[in-house]
Amino acid sequence: MTADGEMTTTNKKVVLRRYVTGYPTAEDMEVVATPGIPLRALRGSTAAVVVKNLYLSCDPWMRGRMTRHDDGDAVPADDFVLGEVCIYAHRPFEFLMIDRQALVNYTVGAVVDSTHPEFSAGDLVWGMSAWEEYTLVTKTEGLFKINHPELPLSYYTGVLGMTGLTAYVGLFEVGKPKGGESIFVSAAAGAVGQVVGQLAKIAGCYVVGSAGSGEKVNLLKNEMGFDDAFNYKEEKDLDATLRRCLPGGIDIYFDNVGGTTLDAALLRMKPGGRVVICGMISQYNLPEHEGVRNLFCLIPKRIQMEGFAAMDYYHLYGRFEKEMAGFIKEGNMSVIEDVVQGIEKAPDALIGLFSGRIVGKQLVAIA
């Protein structure tokens, strides 16, 4: 409690100890506890919300922010901050303490206090927050109310949150599938890939996915409804594999991995095909990114290749949430989660994304 009687709490958080080269390790992060954190939102000119985080989302894009970029490299967001930053009390510009900044990513939580007219204490929300127990959110344009609390709240880290929105807009706004088309999805057993494949089936497409184990291949075909799938680790010739699985060619390639898989898919694209660039997880931990050799295919085949950021489509979230909740309730969307308990387990959960051991959506329950 502060000197003027306001409630405070100790706040556990995950911070970055050092910038990462290669694959991240548990030693690159640590969990720290900061006492005396006020539970009231900032009073003054800035509308803000204090959120008690319940679930933390683990996403591959966080890896890019864990490396120091001094050369102007194109990155999805600023590097994570090392060391200490200033934290202020609720009265404008009153210095309170020095604290360390938590890793930033999407969370699901409950509003504790708010000075924002659209949020009230008790509201369930998801959006851009931080890997900590309590977060003061001042950039509320990335915070959304949860409209389907009858579904598991954890779904808002994945299929009903940023993961699902990424799959939805990447497929329908960028890929623009038509019934009967053939779609290839890489990292298809991952959080985004499993949703893309099921949405494509709902749209009436023929869907093939790649994954990194026999267990994942069986999951795609037997639980997710994919028409075919293969374990890329057992295929010596990706071009031959894609010819076997998609003999008529590929209309849409939804790329989550980049590298050699992207190169092989370009050779199998149909004229007028679309390549949706969502992620390149095969490249995130390499000291130098691999080049793409088959870009010449774009010209004679009139292929469109486009990257995208789901945050550019926030205006579609209401439509997406309504449709996706309907798919889940109707039994047309299977959801697979890998949930670990406790914020202390968060670093290991994040590292697991890059080892290939995760099936479905990886998240951390902290309350």
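Nothing here was measured: the structure is a model prediction, and the numbers come from that model. All values below come from the heavy atoms of this structure, side chains included, with hydrogens, waters and symmetry mates left out.
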Would you check if [X] and [Y] make a side-chain contact, meaning some heavy-atom pair closer than 4.5 Å?
| X | Y | answer |
| --- | --- | --- |
| Trp126 | Leu160 | no |
| Met224 | Lys201 | no |
| Tyr314 | Met162 | yes |
| Thr163 | Lys361 | yes |
| Asp113 | Leu39 | no |
| Val207 | Leu220 | no |
| Glu30 | Val14 | no |
| Leu262 | Met280 | yes |

Check: [X] side chain, [Y] main-chain N or O, donor-acceptor pair, under 3.5 Å:
| X | Y | value |
| --- | --- | --- |
| Asn53 | Glu132 | yes |
| Asp263 | Arg293 | yes |
| Asp123 | Ser120 | yes |
| Thr9 | Asn11 | no |
| Glu133 | Lys52 | no |

Between Lys145 and Glu118, does at least one N-O distance fall below 4.0 Å, as a salt bridge requires? no
Please determine whether a side-chain nitrogen of the Lys or Arg among Asp59 and Arg65 lies less than 4.0 Å from a carboxylate oxygen of the Asp or Glu.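 Salt bridge between Asp59 and Arg65, a charged N being under 4.0 Å from a carboxylate O: no.
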Can you list the other members of the hydrophobic cluster that holds Val49, where links are side-chain heavy atoms under 4.5 angstrom apart? Val51, Val111, Phe119, Val125, Val137, Leu143
As an exercise, state the distance from [atom1] of [X] to [atom2] of [Y], rounded to the nearest 0.5 Å.
| X | Y | atom1 | atom2 | result |
| --- | --- | --- | --- | --- |
| Lys322 | Asn147 | NZ | CG | 11.5 Å |
| Trp131 | Ile343 | CH2 | CD1 | 8.5 Å |
| Met269 | Cys297 | CE | SG | 9.5 Å |
| Ile183 | Leu171 | CD1 | CG | 5.0 Å |
| Thr166 | Phe254 | OG1 | CZ | 7.5 Å |
| Asn256 | Ile277 | CG | CD1 | 9.5 Å |

If we ignore angles and hydrogens, is there a donor and acceptor under 3.5 Å between the side chains of Thr157 and Ser57?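 No pair is found: no donor N or O on one side chain lies under 3.5 Å from an acceptor on the other.
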Without hydrogens or angle criteria, can the side chains of Tyr168 and Glu321 be said to hold a donor-acceptor pair below 3.5 Å?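 No.
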Which heavy atom of [X] sits nearest a heavy atom of [Y], and at what distance?
| X | Y | value |
| --- | --- | --- |
| Met29 | Leu16 | CG-CD1, 4.3 Å |
| Asn231 | Gly214 | ND2-N, 3.8 Å |
| Gln194 | Gly360 | NE2-CA, 3.0 Å |
| Val359 | Ile336 | O-CG2, 3.9 Å |
| Val339 | Ala365 | CG1-CB, 4.1 Å |
| Ser334 | Glu223 | OG-O, 3.3 Å |

Using the side chain to side chain contact (heavy atoms under 4.5 Å, CB included) rule, take Ile366 and Leu54 through it: C-alpha gap first, then chi angles, then the decisive distance, then the call. CA-CA 5 Å; Ile366 64 171; Leu54 306 175; 5.6 Å; no
Which residues pass the ring pair (Phe, Tyr, Trp, His ring centres under 6.0 Å) test with [X], not counting sequence neighbours?
| X | value |
| --- | --- |
| Phe308 | none |
| Tyr253 | Phe184 |
| His148 | none |

Check whether Leu295 and Leu267 end up in the same hydrophobic cluster, where Ile, Leu, Val, Met, Phe, Trp and Tyr are linked by side-chain heavy atoms less than 4.5 Å apart. no
May I ask whether Leu246 and Val217 are part of the same hydrophobic cluster, defined by side-chain heavy atoms of I, L, V, M, F, W, Y residues being less than 4.5 angstrom apart, directly or through others?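 No, Leu246 and Val217 fall in different hydrophobic clusters.
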Tell me every residue that passes salt bridge (Lys or Arg N to Asp or Glu O under 4.0 Å) with Glu27, counting only those two or more places apart in sequence or in another chain.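 Salt bridge (Lys or Arg N to Asp or Glu O under 4.0 Å) list for Glu27, sorted by chain: empty.
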Lys216: what forms a salt bridge (Lys or Arg N to Asp or Glu O under 4.0 Å) with it, not counting sequence neighbours? none
Per the ring pair (Phe, Tyr, Trp, His ring centres under 6.0 Å) rule, what does the pair list look like for residues 197-218, sequence neighbours excluded?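 Of all non-adjacent pairs touching residues 197-218, none passes ring pair (Phe, Tyr, Trp, His ring centres under 6.0 Å).
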Keeping to residues at least two apart or across chains, list the ring pair (Phe, Tyr, Trp, His ring centres under 6.0 Å) pairs with something in residues 261-282. none
Is there any side chain to side chain donor-acceptor pair (under 3.5 Å) pair reaching into residues 297-313, and which pairs are they, with sequence neighbours excluded? none
Of all pairs that satisfy side chain to side chain donor-acceptor pair (under 3.5 Å), the ones with a partner from residues 337-346, not counting sequence neighbours: Lys12-Glu344, Ser154-Glu337
Taking it one step at a time, do Met62 and Leu103 satisfy side chain to side chain contact (heavy atoms under 4.5 Å, CB included)? CA-CA 8 Å; Met62 297 173 70; Leu103 301 186; 4.2 Å; yes
Let's go through Leu199 and Met324 carefully: what are the C-alpha distance in whole Å and the side-chain angles of both, what is the deciding distance for side chain to side chain contact (heavy atoms under 4.5 Å, CB included) to 0.1 Å, and is it a yes or a no? CA-CA 9 Å; Leu199 289 175; Met324 186 62 77; 4.0 Å; yes
Please lay out, stage by stage, how Arg18 and Asp28 fare under the test salt bridge (charged side-chain N to carboxylate O under 4.0 Å, His left out). CA-CA 6 Å; Arg18 61 194 180 200; Asp28 296 323; 2.6 Å; yes
For residues Phe320 and Tyr317, establish whether the separation of their ring centroids is below 6.0 Å. yes
Sorted by first residue and then second, give each salt bridge (charged side-chain N to carboxylate O under 4.0 Å, His left out) pair with at least one member in residues 167-193; sequence neighbours left out. Glu173-Arg319, Glu181-Arg274
Name all pairs fulfilling the salt bridge (charged side-chain N to carboxylate O under 4.0 Å, His left out) condition that reach into residues 236-260, sequence neighbours left out, sorted by first residue then second.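 Listed once each, the pairs are Glu235-Arg244, Asp239-Arg243, Asp251-Lys270.
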Would Thr21 and Thr67 count as a side chain to side chain contact (heavy atoms under 4.5 Å, CB included) if you check the C-alpha gap in whole Å, the side-chain angles of each, and the deciding distance to 0.1 Å? CA-CA 7 Å; Thr21 300; Thr67 294; 5.9 Å; no
Can you tell which of Val169, Val192, Val196 makes a side chain to side chain contact (heavy atoms under 4.5 Å, CB included) with Cys278? Val192
